[in-house]
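Have a look at the structure below, then the notes.
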Amino acid sequence: MDISYIEYVYLYIHIKKRILCSNGLKSRRGSILKSLAFSRCGFGSSAAPAVFMDSGTSEQEDWDANGVIRDTTLLRKSRDGSGTGLHVMDFVDRDLYNHWLKRCTQMRKLREGRIFHARILNSQFRDDLVIQNTILNMYAKCGSLVDAHKMFDVMPLKDMVTWTTLITGYSQNDQGQEALFLFPWMLRHGLKPNQFTLSSLLKASGNAPINDKQGRQLHAYCFKCGYDTNVYVGSSLLDMYARYGRMVEAQSIFEGLVSKNEVSWNALIAGYARKGEGEHALRLFCEMQREYFKPTHFTYSSLFAVCASTGSLEQGKWVHAHVIKSGGRLVAFVGNTLVDMYAKSGSIEDAEKVFDRLVKPDVVSWNSMLTGYAQHGLGKETLEQFEEMLRIGIQPNDVTFLCVLTACSHAGLLDEGQHYFELMKKYNVEPDVSHYVTMVDLLGRAGLLDRAERFIREIPIEPTAAIWGALLGACKMHKNMELGAYAAKRVFELDPHDSGPYILLYNMYASAGRWNEAAEVRKMMKESGVKKEPACSWVEIENAVHMFIANDDAHPQREEIRKMWEKISGKIKEIGYVPDTSHVLLFVDQQEREVKLQYHSEKLALAFALLNTSPGSTIRIKKNIRVCGDCHLAIKYVSKVVGREIILRDTNRFHHFRDGSCSCGDYW
DNA sequence: GTAGGGTTAG
């Protein structure tokens, strides 16, 4: 017996009511009605598609438990099991089709969306423009731009929403160029963009910042139409400039907005955060609250990210206190940046605490924790955490394996590293350049230089400068001049502008006393116009970050700093420190070399910290390049003499100096 | 029916 039209309308009204319900009692009634509707259609009591249900509490579970895949399969069967059963849906009206499509879109259910699309093609609504736009949007949001574009092509009538939906689809799926390509065609078809179209185009333009000309043209267009001060378009516009790194323009657009909202504030804060201007971002954070805008997850993750990049533990803690006070749950997005912030600021214990309290840790949360362990040289903990991740069924990704391989390399775990590299296949993770670099590093550090070279020749991609650079680093470590020179040659061919390999090669020759070859490298470096990045170190004391460059004479406490270092230097020499001058300038005598070494930025930062912090407290220093061999040696002795923990973060990793030794085991 | 802001590696 088929359901009658009247019966259908009756049930439909009740189902619609159910959609509006969200509390437990009504939800139960809705569930009964859903079952009733489908049992009367002949599908048994549990056969209703989850799209009918909108409990508002556990949508994903609803969908998975009574999933639409199973239910649409059931829809294909008639009561006696012979027919298609799909005729039931012929009674569906336009709103319900739209509702289903929107549910598929929200939940990114491409397969189910296709089924509804197929049904619509056989219905009276196949040529309905609104329905077609909704289908197009469903494909775009589900990430199938091929289907979205096909849909766009077959639509006989296209309005502004059609064009905007496709443009937005490309923009949101990181295909900004396609989005920007469509815009002139839209104009040629006589359609004018609205605020939806323009904000998508600006987003596309901000993500393709190779040439900001297009962005400026769009800005001019927005200005001409009077959209530049609109909160949606203006926020996208300021975000675009912020992505170009042009904060003056971004700030000026922000100030010109007719009205602001959280998104405008967040876009500006994120802009300053990306530039590493933490102080500015924090000032804006305070200002937005003074103007009664509530910080959101977006605000907090930008702030934690900038604290992580500058290693500002105290400021990061202050923002963390704000999150706690605001009473919000620590969602993964914010929690992940917080884990990263604590790990990068040198406090791995706090990172662990936050990680343990995350409500639903995702793969990025695990990766952040793994990265933390790896950067702190905690090889064993990294591998244990990784095994735990696999045990509870989190699918590792390319970043996960990179963390694990880096940890193995830093901890000298050769066999484990090779095992995890092989394991990538099992988890369908394709190795990319960074994995190959790490494997060369792993083999090279372990002294297996020939195997590392063979590995490079066997990989399925053309070796890059970074890959040869890793071999060069290993050759320097193990003093293999010939292979090192060969690797350096490959690096110079592929990337002649990076100063790093020149310095590595120079140091390799200098530390072996081969000064003629070292002089040759300096000459080459000069000829190719490559400049060494000036070294600087930072230390955070009482919420203020102090920066030091080598031989810094500008600091107000310079005299005290020098005296402190001389005092400490005398003490460490008494217990065995001998300056390692092998890496210092050519053609200067031993005494001059020692003087040059004395005022390396990390030593100045350390002396400053010793002057301005209480005895026994941990000292945290950050450096923009790798720590030099002599400073590493000196800081080990200092940690013993002053009886304090000194944590140094360089470009590669953390060094925890305690009682005369370093956590890296002199292996960095 | 269409829009803008945030995370992990190197």
Side-chain angles (χ1 to χ4, degrees), chain A residues 94-95 97-98 101-102 105 128-138 140-141 159-169 171-172 193-204 206 227 230-240 242-243 257 261-271 273-274 295-306 308 331-341 343-344 361-372 374-375 396-407 432-438 441 464 466 469-470 651-652:
Chain A
R94 188 167 173 269
D95 284 353
Y97 268 133
N98 253 341
L101 285 168
K102 277 166 83 176
T105 309
D128 184 297
L129 184 59
V130 172
I131 293 272
Q132 286 179 334
N133 283 340
T134 315
I135 295 169
L136 172 53
N137 189 42
M138 181 273 295
K141 290 282 188 301
D159 66 358
M160 190 255 294
V161 176
T162 320
W163 283 87
T164 301
T165 306
L166 189 63
I167 287 173
T168 304
S171 167
Q172 289 179 338
N194 63 5
Q195 53 174 350
F196 290 70
T197 332
L198 290 172
S199 34
S200 286
L201 286 165
L202 289 164
K203 178 188 165 88
Y227 271 124
N230 168 289
V231 66
Y232 280 94
V233 179
S235 299
S236 310
L237 199 50
L238 87 84
D239 180 58
M240 180 192 78
R243 282 174 199 276
L257 291 176
N261 63 10
E262 281 77 14
V263 178
S264 349
W265 282 96
N266 290 341
L268 195 65
I269 290 173
R274 270 191 297 267
T296 67
H297 297 149
F298 289 83
T299 331
Y300 290 124
S301 32
S302 287
L303 292 175
F304 288 135
V306 71
V331 298
F333 235 115
V334 181
N336 298 346
T337 46
L338 192 52
V339 170
D340 187 48
M341 188 277 290
K344 286 222 171 70
D362 59 11
V363 66
V364 179
S365 326
W366 285 85
N367 289 350
S368 303
M369 201 59 239
L370 288 168
T371 305
Q375 284 176 338
N397 64 13
D398 51 341
V399 178
T400 320
F401 279 104
L402 191 59
C403 295
V404 171
L405 295 177
T406 307
D432 64 26
V433 179
S434 54
H435 299 98
Y436 294 128
V437 171
T438 315
D441 192 57
T464 62
T651 37
N652 275 4

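Chain naming here is simple, since letters A, B, ... match the order of the sequence lines and numbering starts at 1 in each.
- With hydrogens and angles ignored, the 3.5 Å screen pairs a side-chain donor or acceptor of A/S171 with a backbone N or O of A/S200.
- For A/Q195, no side-chain nitrogen or oxygen approaches OP1 or OP2 of B/dG4 to under 4.0 Å.
- At the heavy-atom level, A/S236 lies under 4.0 Å from the strands shown only through sugar-phosphate atoms.
- Look at CG on A/N367: it is 9 Å from P on B/dA9, rounded to the nearest Å.
- Checking B/dT2, B/dG5, B/dT8 against every side-chain atom of A/V161, the shortest atom distance belongs to B/dT2.
- A donor-acceptor pair under 3.5 Å is absent between the side-chain atoms of A/N367 and the main chain of A/L370, judged by distance alone.
- Using a 4.0 Å heavy-atom distance criterion, A/N194 is classed as a base contact.
- The phosphate of B/dT2 (OP1 or OP2) has no side-chain N or O of A/Q172 nearer than 4.0 angstrom.
- Rounded to whole Å, atom P of B/dA9 lies 13 Å from atom CE of A/M369.
- Counting non-hydrogen atoms under 4.0 angstrom, A/N98 reaches nothing in the nucleic acid.
- Side-chain N/O atoms of A/R243 include one lying less than 4.0 angstrom from OP1 or OP2 on B/dG6.
- OP1 or OP2 of B/dG10 has at least one side-chain nitrogen or oxygen of A/Q375 nearer than 4.0 Å.
- Side-chain nitrogen and oxygen atoms of A/R274 include at least one within less than 4.0 Å of the OP1 or OP2 phosphate oxygen of B/dG6.
- Here A/F333 counts as stacked on B/dG6: its ring centre is under 5.5 angstrom from the base ring centre and the planes meet at under 30°.
- Picking from B/dG6, B/dA3, B/dT2 the nucleotide with the shortest atom distance to the side chain of A/A270 gives B/dG6.
- Between A/L166 atom CG and B/dA3 atom P the separation is 12 Å, expressed in whole Å.
- Side-chain atoms of A/S199 stay outside donor-acceptor range of the base of B/dG4, with no qualifying N/O pair under 3.5 Å.
- Nucleic acid contact for A/V437: none, since no nucleic acid atom lies under 4.0 Å from a heavy atom of the residue.
- Closest approach to the A/L402 side chain among B/dT2, B/dG4, B/dG10 is made by B/dG10 (side chain taken as heavy atoms from C-beta onward).
- With distances taken from any side-chain atom of A/S301 to the nucleotides B/dT8, B/dG6, B/dA3, the minimum falls on B/dG6.
- Judged by distance alone, the side chain of A/D340 and the main-chain N or O of A/N336 form no donor-acceptor pair under 3.5 Å.
- In this structure, A/K344 does not reach the B/dT7 phosphate: none of its side-chain N or O atoms is under 4.0 Å from OP1 or OP2.
- Taking only side-chain nitrogens and oxygens, A/K203 never comes nearer than 4.0 Å to OP1 or OP2 of B/dA3.
- When the nucleotides B/dG5, B/dG10, B/dT2 are ranked by their closest atom to the side chain of A/T406, B/dG10 comes out on top.
- Between the side chain of A/T296 and the base of B/dG5, at least one donor-acceptor pair of N or O atoms lies under 3.5 Å.
- Side-chain contact of A/T197 with A/N194: a donor-acceptor pair under 3.5 Å is present, judged by distance alone.
- Residue A/N397 is out of contact with every strand shown, counting any heavy-atom pair closer than 4.0 Å.
- A/Q195 pairs in a side-chain contact (heavy atoms from CB on, under 4.5 Å) with only one of the listed residues (A/V231, A/T164, A/V233), which is A/V233.
- Taking the side chain of A/M160 as heavy atoms from C-beta on, and the options B/dT8, B/dT7, B/dT2, the nearest nucleotide is B/dT2.
- For the residue pair A/T105 and A/L101, the shortest heavy atom distance occurs at OG1-O, 2.7 Å.
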